[in-house]
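Everything on this sheet refers to the single structure shown next.
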2 protein chains.
Amino acid sequence: MAEKSPSSRSPDAPRPTIYDVATRAGVSKSLVSLVLRGSSNVSAERRTAVETAIAELGYRPSQAAAALAGNRTGTIGVIIDDYRNLWFVDFLHGMQEVLAERGIRVAVADRSFNSHVDASPLEGFLAMRVDGIVVASEPSDEMGRGIGVPAVLAGNRLQQIPGADIATSDDRFGGGLAANHLLGLGHRKIGHVTGGGGSARERCEGFREALRNAGVVPVIVGDGGTSEQDGFRFTRQLLLTHPGITAVFAANDSMAMGAAAAIKDAGLQVPRDVSLIGYDNSPLASSNLLRLTTVDAVNGEVGRRAAKALLARFDGGQQDTVINLVEPQLVVRGSTAEARE
Amino acid sequence: MAEKSPSSRSPDAPRPTIYDVATRAGVSKSLVSLVLRGSSNVSAERRTAVETAIAELGYRPSQAAAALAGNRTGTIGVIIDDYRNLWFVDFLHGMQEVLAERGIRVAVADRSFNSHVDASPLEGFLAMRVDGIVVASEPSDEMGRGIGVPAVLAGNRLQQIPGADIATSDDRFGGGLAANHLLGLGHRKIGHVTGGGGSARERCEGFREALRNAGVVPVIVGDGGTSEQDGFRFTRQLLLTHPGITAVFAANDSMAMGAAAAIKDAGLQVPRDVSLIGYDNSPLASSNLLRLTTVDAVNGEVGRRAAKALLARFDGGQQDTVINLVEPQLVVRGSTAEARE
DNA sequence: GTGAAAGCGCTAACAC
DNA sequence: GTGTTAGCGCTTTCAC
């Protein structure tokens with residue numbers, strides 16, 4: 001009998017099941033299940049027999065069947081705002097780092113994701129029976145009454161979700177970091193281009209407060225938008241109405257890029273005439289074109305904390321919700337300099 | 001008896017099943033199943049009864065059970081290279097547009113996704129029993145022998161996957177577009193900063209060919225990298241070794257951003273001294289800082305084609321693989337100008 | 001139109 | 001240690 005390689009299995013042959021593996025290995029199906037789930041109560045011999053059979057058959061356990069029988073999917077759902085907001089990338093890696101030990105999968109959905117099928121990403125995940133949810137976006141109204149499964153809210157602490165833990169970078173602290181950096185360079189006439197979300201508000205608050213302690217009142221502009229275009233528009237306005245400004249803090253790196261354009265268009269130079277500081281430490285910030293001083297939210301750590309909080313709920317079910325605050329870090333590059341005169 | 005709102009269901013009460021819905025609506029479970037799947041063979045009366053019961057109970061069908069019983073998940077998996085390569089965003093939207101009519105879900109995974117649990121994103125999707133796969137990245141070795149389910153390869157046509165259709169933007173044509181634009185502006189001394197992947201190679205080929213037809217031979221640099229840093233590094237080198245160059249074509253907008261930095265550092269101006277053209281029409285290109293002339297791959301349309309190809313395989317199972325080529329479009333902004341002298 | 005019944009491929013008690 | 005036995009919550013013939 002010819003050895004059949006897994007990939008040579010004819011396309012419409014039924015997939016091998018745990019039954020087939022058991023037969024081929026000469027054991028029972030529950031023994032196969034045990035091997036699959038890494039039980040220690042299996043003799044080495046039989047274990048290898050099973051593993052060989054699995055390999056020969058090209059067997060892949062059905063997640064659907066496992067989820068149905070086991071009453072858990074081993075997957076947690078992450079709801080993000082927009083794929084273009086890249087902060088979730090580091091966040092996700094942080095999560096995976098700690099989820100690795102438990103073999104838990106992650107599924108990601110943005111707001112418009114599968115909107116043609118599910119009422120919302122949350123609905124989609126709940127139908128999927130995820131074991132937990134991470135809301136890495138502004139919470140939606142439907143979350144107001146809580147989520148039926150363990151949940152943590154990430155990247156935001158202005159809003160709340162009943163019963164959900166929180167893991168976030170301390171944006172308020174980060175705003176202070178930016179302020180103190182500019183202050184330390186001697187700046188006194190300072191503008192801030194802010195955005196709409198909870199993070200932007202926190203950053204703004206922290207920034208204002210730190211400046212206030214030094215007796216400085218910044219000029220603040222913005223109408224909610226957080227794009228490069230918004231940064232451009234408002235910085236231009238800022239420069240027009242307050243020509244004496246020597247430093248600008250943008251609520252994120254994209255807006256800082258827009259600010260850089262406005263500064264350039266005004267015939268000024270960064271950092272000679274105007275110091276510029278962003279937030280996020282995105283690839284934009286490290287680009288050679290901007291070499292932007294910025295604040296790093298350390299999102300990998302935020303992801304680690306979020307995952308740990310979720311695992312704690314899986315295990316223990318502690319009652320009171322905990323707030324994990326991660327301390328951001330200033331990253332100094334070439335876009336800030338001492339104030340002149 | 002008090003009306004129980006769905007969300008007031010106590011956290012560890014068992015989820016309502018199709019059984020509970022049937023009982024409450026006074027029908028059989030198969031009738032509920034029919035309503036769920038939108039069958040027309042149900043009287044309006046009973047349909048409303050079922051719908052009411054569903055709403056009252058806060059019932060959500062279990063995808064796991066449906067997948068197991070129905071032998072299909074109604075989900076297709078999309079494998080991308082890296083979340084930071086944003087071309088997949090428009091691509092995904094295009095896919096969803098056509099998948100909407102069929103109520104099919106999409107799941108996304110990047111290369112490192114769940115790497116702690118699955119051997120590869122492909123493995124993960126196969127274990128999940130997706131109904132189809134879209135490979136929106138360079139195919140990996142494991143795909144060399146084909147994928148067990150309907151598949152389409154997107155964004156690439158240099159490599160192949162046995163049995164998989166192809167949907168991609170015509171990168172070669174796009175390269176020609178860039179070349180002809182520069183040629184039309186009178187440029188003759190032209191540099192090209194290229195990258196490693198299949199797309200970059202195609203763009204390069206199309207670019208070279210169009211220039212050759214005009215008797216122009218470009219200076220080509222690059223070593224595989226495609227980041228802003230790579231664009232910076234190689235453009236600097238280009239400018240050093242070939243000071244007479246009046247135009248640069250970068251294989252993507254990120255590299256073009258790096259190129260812009262190098263040009264600026266060399267004391268030159270875009271577009272006065274050097275015209276610059278990118279590829280992708282990313283947010284970078286439309287930024288006020290770059291105002292970059294670029295080539296739009298029209299990825300939304302590529303996504304639509306990919307989804308259609310997959311649906312065709314679901315339905316018909318045509319045998320020969322088809323190649324869908326979408327024609328890119330030139331987007332002229334402020335970074336290109338007539339050659340001087 | 002509607003209901004009954006037989007699984008889908010697993011996991012988890014439990015008995016051996 | 002290993003095998004047996006029930007289901008998990010659906011879809012889907014097939015009768016009625």
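Chain letters run A, B, ... following the sequence lines, proteins first, then strands; residues in each count from 1.
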Please determine if a side-chain N or O atom of [X] lies less than 4.0 Å away from the OP1 or OP2 oxygen of [N].
{"X": "A:R46", "N": "D:dT2", "answer": "yes"}
{"X": "A:S62", "N": "C:dG9", "answer": "no"}
{"X": "A:S28", "N": "D:dG3", "answer": "yes"}
{"X": "A:Y59", "N": "C:dC10", "answer": "yes"}
{"X": "B:S43", "N": "C:dG1", "answer": "no"}
{"X": "B:S33", "N": "D:dC10", "answer": "no"}

Using the side-chain contact (heavy atoms from CB on, under 4.5 Å) rule, take A:I166 and A:T321 through it: C-alpha gap first, then chi angles, then the decisive distance, then the call. CA-CA 8 Å; A:I166 291 183; A:T321 69; over 6 Å; no
Earlier contact from the 5' end, DNA chain C, for B:K29 and A:T17: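 Result of the comparison: B:K29.
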Closest-nucleotide ordering on DNA chain C, the 5'-leading residue of A:V32 and B:L31: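 This one resolves to B:L31.
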Quick one, [X] and [Y] - any side-chain contact, counting heavy atoms below 4.5 Å?
{"X": "B:P139", "Y": "B:L153", "value": "yes"}
{"X": "B:R129", "Y": "A:R60", "value": "yes"}
{"X": "B:N299", "Y": "B:V302", "value": "yes"}

Starting from [atom2] on [N], measure out to [atom1] on [X] and report it in whole angstrom.
{"X": "B:R60", "N": "D:dG9", "atom1": "CZ", "atom2": "C1'", "answer": "16 Å"}
{"X": "B:N71", "N": "D:dT12", "atom1": "CG", "atom2": "P", "answer": "9 Å"}
{"X": "A:R15", "N": "C:dC8", "atom1": "CZ", "atom2": "C1'", "answer": "13 Å"}
{"X": "B:I54", "N": "D:dC10", "atom1": "CD1", "atom2": "C1'", "answer": "13 Å"}
{"X": "A:L34", "N": "C:dC10", "atom1": "CG", "atom2": "P", "answer": "14 Å"}
{"X": "B:R72", "N": "D:dT12", "atom1": "CZ", "atom2": "C1'", "answer": "13 Å"}
{"X": "B:I18", "N": "D:dT12", "atom1": "CD1", "atom2": "P", "answer": "11 Å"}
{"X": "B:Q63", "N": "D:dT11", "atom1": "CD", "atom2": "C1'", "answer": "15 Å"}

Side chain of B:L68 only, please: which of C:dC10, C:dG9, D:dC10 is the nearest? C:dG9
Of all the choices, C:dG3, C:dC10, D:dG9, which nucleotide is nearest to the side chain of B:A69 once you look at every atom? D:dG9
Can you give me the bend angle of the helix from C:dG1-D:dC16 to C:dC16-D:dG1? Use the axis through the first five pairs and the one through the last five, nearest 10 degrees.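 It comes to 30° between the two terminal axes.
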No-H, no-angle donor-acceptor pair, B:S30 side chain to C:dA4 base, under 3.5 Å: yes
5′-ward residue of the pair B:A64/B:R37 relative to DNA chain D: B:A64
N-O pairing of B:R111 and B:D82 below 4.0 Å: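 Answer for the salt bridge query: no.
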Among residues at least two apart in sequence or on other chains, which ones pass ring pair (Phe, Tyr, Trp, His ring centres under 6.0 Å) with A:F125? none
Donor-acceptor contacts under 3.5 Å from residues 27-36 of chain A side chains, at least two apart:
residue	atom	partner	partner atom	Å
A:S28	OG	A:S30	OG	3.3
A:S28	OG	A:L31	N	3.4

Just checking, any donor-acceptor pair under 3.5 angstrom between side chains of B:E45 and B:S43? no
